Number of protein chains: 2
Amino acid sequence: MLSKKSQYAFRALTYLAEHFEEGPVAISEIAKKKKIPIKFLESILLQLKKENILESKKGKGGGYFLKLKPNQIKVAAVVRIVNGPISMLPCVSLYFYKRCKDCDRKKCGLKDVMTEVRDATLNILENRTLSDLLV
Amino acid sequence: MLSKKSQYAFRALTYLAEHFEEGPVAISEIAKKKKIPIKFLESILLQLKKENILESKKGKGGGYFLKLKPNQIKVAAVVRIVNGPISMLPCVSLYFYKRCKDCDRKKCGLKDVMTEVRDATLNILENRTLSDLLV
DNA sequence: TATTCCCCTACTTGTTTGGTAGGATAATAG
DNA sequence: CTATTATCCTACCAAACAAGTAGGGGAATA
């Protein structure tokens, strides 16, 4: 399951996508329009900035805006930043790989199944962008 | 990510699948062979019994055994029991559905994407059984 | 009737989730 | 230059969950 934080992140990002090229949008505006606790949203946007999804401008007239065009920001990337691994097992994760001690064995049936799931999931999430969320 | 508990569950179930029709297998044996904390394993197996995956026999010579043949126990069912929802959003879950307030809107792009992911995932997990995990 | 093994309740410890509070810092308008 | 606006940063908090532990009760069997 996506955390509440992740759902907030997607709501905020779709708002920013809708207002792309209208200049910076203040946190307070997003919080109000999308009904997200402002301080919590603040930390989420900050994180997305550090991970190069967002850009910000300080002072009056400042706010946040997308660093790239909406159709260049993949859903998969956002999920990884805000929610963590997409795979169901550490030993099949591409970005959060951790070997498990069972990986010693030549074959692990569970791993094979979860690799399939990962591929099917990524096939979708890597090919959908913020634009696709706008409807 | 699957919890450690889920991974224990799959390891225990594959062990039971390997020893299917050899009669009941004691918790202590599974715990030892698969290196799972015995008390923790106990609670997992009990839960799987309550959910009709396992059957048990008490007293000497007792233990746990699969209620159905390995090829009749779906990976999806085990995940749901031991790990919870498979979907990435409550509002797209088949077994753990909860509407979100955003579902008021006619269209939700995120929901659409996550529905696709759910279908792709279930297409795999509903069609793999314990037999597939044995290799 | 003793042993074996499942069954059940309760507790603990550590981490994650979903926040809140308060101020520092930078940019801009006047 | 200074007030205002808005991001940035640190710290804290409560509740929930994860991953176990402890200890005994109760059924079946030899």
Side-chain angles (χ1 to χ4, degrees), chain A residues 1-12 16 23-67 79 81-85 88-90 96 98 100, chain B residues 1-12 16 23-67 79 81-85 88-90 96 98 100:
Chain A
M1 281 274 178
L2 292 182
S3 62
K4 216 164 174 181
K5 178 180 171 185
S6 303
Q7 298 177 49
Y8 286 155
F10 277 111
R11 283 208 270 155
L16 289 175
V25 182
I27 298 178
S28 55
E29 181 185 334
I30 307 174
K32 199 171 190 179
K33 289 286 175 60
K34 290 293 186 174
K35 284 168 191 155
I36 303 171
I38 188 166
K39 280 300 206 173
F40 194 29
L41 178 59
E42 219 180 292
S43 69
I44 297 168
L45 298 183
L46 201 53
Q47 191 183 354
L48 287 168
K49 186 199 168 185
K50 283 178 181 150
E51 299 287 347
N52 290 304
I53 300 291
L54 296 178
E55 200 86 71
S56 69
K57 202 184 164 219
K58 286 186 176 181
K60 188 160 195 178
Y64 279 97
F65 51 99
L66 300 179
K67 196 164 185 176
V79 171
I81 289 168
V82 139
N83 205 69
M88 300 189 82
L89 289 177
F96 299 83
K98 278 217 144 198
C100 59
Chain B
M1 282 273 178
L2 293 182
S3 61
K4 217 164 174 182
K5 177 180 171 185
S6 304
Q7 297 177 50
Y8 287 156
F10 276 111
R11 283 208 269 155
L16 288 174
V25 181
I27 299 177
S28 55
E29 181 185 332
I30 306 173
K32 200 171 189 179
K33 289 288 175 59
K34 290 294 186 173
K35 283 169 191 154
I36 303 170
I38 189 165
K39 281 300 209 174
F40 195 28
L41 177 59
E42 221 179 291
S43 69
I44 296 168
L45 298 184
L46 201 52
Q47 193 184 352
L48 287 168
K49 185 199 168 183
K50 281 176 182 152
E51 299 287 346
N52 291 305
I53 301 290
L54 296 179
E55 199 85 72
S56 68
K57 201 180 164 223
K58 285 185 175 180
K60 189 161 196 177
Y64 279 98
F65 51 97
L66 299 179
K67 196 165 185 176
V79 171
I81 290 169
V82 138
N83 205 71
M88 299 188 83
L89 288 177
F96 299 83
K98 279 216 144 196
C100 57

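Since this is a predicted model, take the numbers as computed values, not measurements. The figures that follow rest on heavy atoms only: side chains count, while hydrogens, waters and symmetry mates do not. Proteins come first, then strands; the chains are lettered A, B, ... in the order of their sequence lines, and each starts at number 1.
Across the protein-nucleic acid pair, A:Gln7 atom CD and C:dG18 atom P stand 9 Å apart, rounded to whole Å. In this structure, B:Glu55 places its CD atom 16 Å from C1' of C:dC5, rounding to the nearest Å. For the pair B:Leu48 CG and C:dC6 P, the interatomic distance rounds to 14 Å; values are reported in whole Å. Atom CZ of A:Phe65 is separated from atom P of D:dT7 by 11 Å (rounded to the nearest Å). Protein atom CD1 of B:Ile38 is 11 Å distant from nucleotide atom C1' of C:dC6, rounded to whole Å. Protein atom CD1 of B:Ile44 is 17 Å distant from nucleotide atom P of C:dC8, rounded to whole Å. At whole-Å resolution of the value, NZ in A:Lys5 and C1' in D:dA16 are 17 Å apart. As rounded to whole Å, 18 Å separates atom P of D:dC13 from atom CZ of A:Phe40.
Contact annotation for B:Lys4: backbone-only contact, meaning every heavy-atom pair under 4.0 Å involves sugar-phosphate atoms and none involves a base. Within 4.0 Å (heavy atoms only), A:Ile27 reaches sugar-phosphate atoms of the nucleic acid but no base atom.
B:Glu42 contributes a side-chain N or O that forms a donor-acceptor pair with the base of C:dC8 under 3.5 Å. Judged by distance alone with a 3.5 Å cut-off, no donor-acceptor contact links the side chain of B:Glu29 to the base of C:dC5. Judged by distance alone, with hydrogens and angles left aside, B:Lys39 brings a side-chain donor or acceptor within reach of the base of D:dG23, the pair sitting under 3.5 Å.
Side-chain nitrogen and oxygen atoms of A:Lys57 include at least one within less than 4.0 Å of the OP1 or OP2 phosphate oxygen of C:dT28. Between B:Tyr8 and D:dG20, a side-chain N or O to OP1/OP2 separation shorter than 4.0 Å is present. Not one side-chain nitrogen or oxygen of B:Lys50 sits closer than 4.0 Å to the OP1 or OP2 atom of C:dC7. OP1 or OP2 of D:dC8 sits under 4.0 Å from a side-chain N or O of A:Ser56. Phosphate proximity of D:dT7 to A:Lys49: absent, as no side-chain N or O sits under 4.0 Å from OP1 or OP2.
In this structure, CE in A:Met1 is found 7.5 Å from CZ in B:Phe96, a value given to the nearest 0.5 Å. Atoms CD and CD1, on B:Glu42 and B:Ile38 in that order, are 6.5 Å from each other to the nearest 0.5 Å.
In terms of position on DNA chain C, the residue among A:Ser43 and A:Lys58 whose nearest nucleotide sits closer to the 5' end is A:Ser43.
The two residues A:Ile81 and A:Gln47 come nearest to each other via the heavy atoms O-NE2, 3.1 Å.
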A:Tyr64 vs A:Ile53, test: side chain to side chain contact (heavy atoms under 4.5 Å, CB included). Steps then yes/no. CA-CA 10 Å; A:Tyr64 279 97; A:Ile53 300 291; over 6 Å; no
Could you go through B:Glu51 and B:Val82, starting from their C-alpha distance and side-chain angles, then the distance that decides it, and tell me whether this counts as side chain to side chain contact (heavy atoms under 4.5 Å, CB included)? CA-CA 10 Å; B:Glu51 299 287 346; B:Val82 138; over 6 Å; no
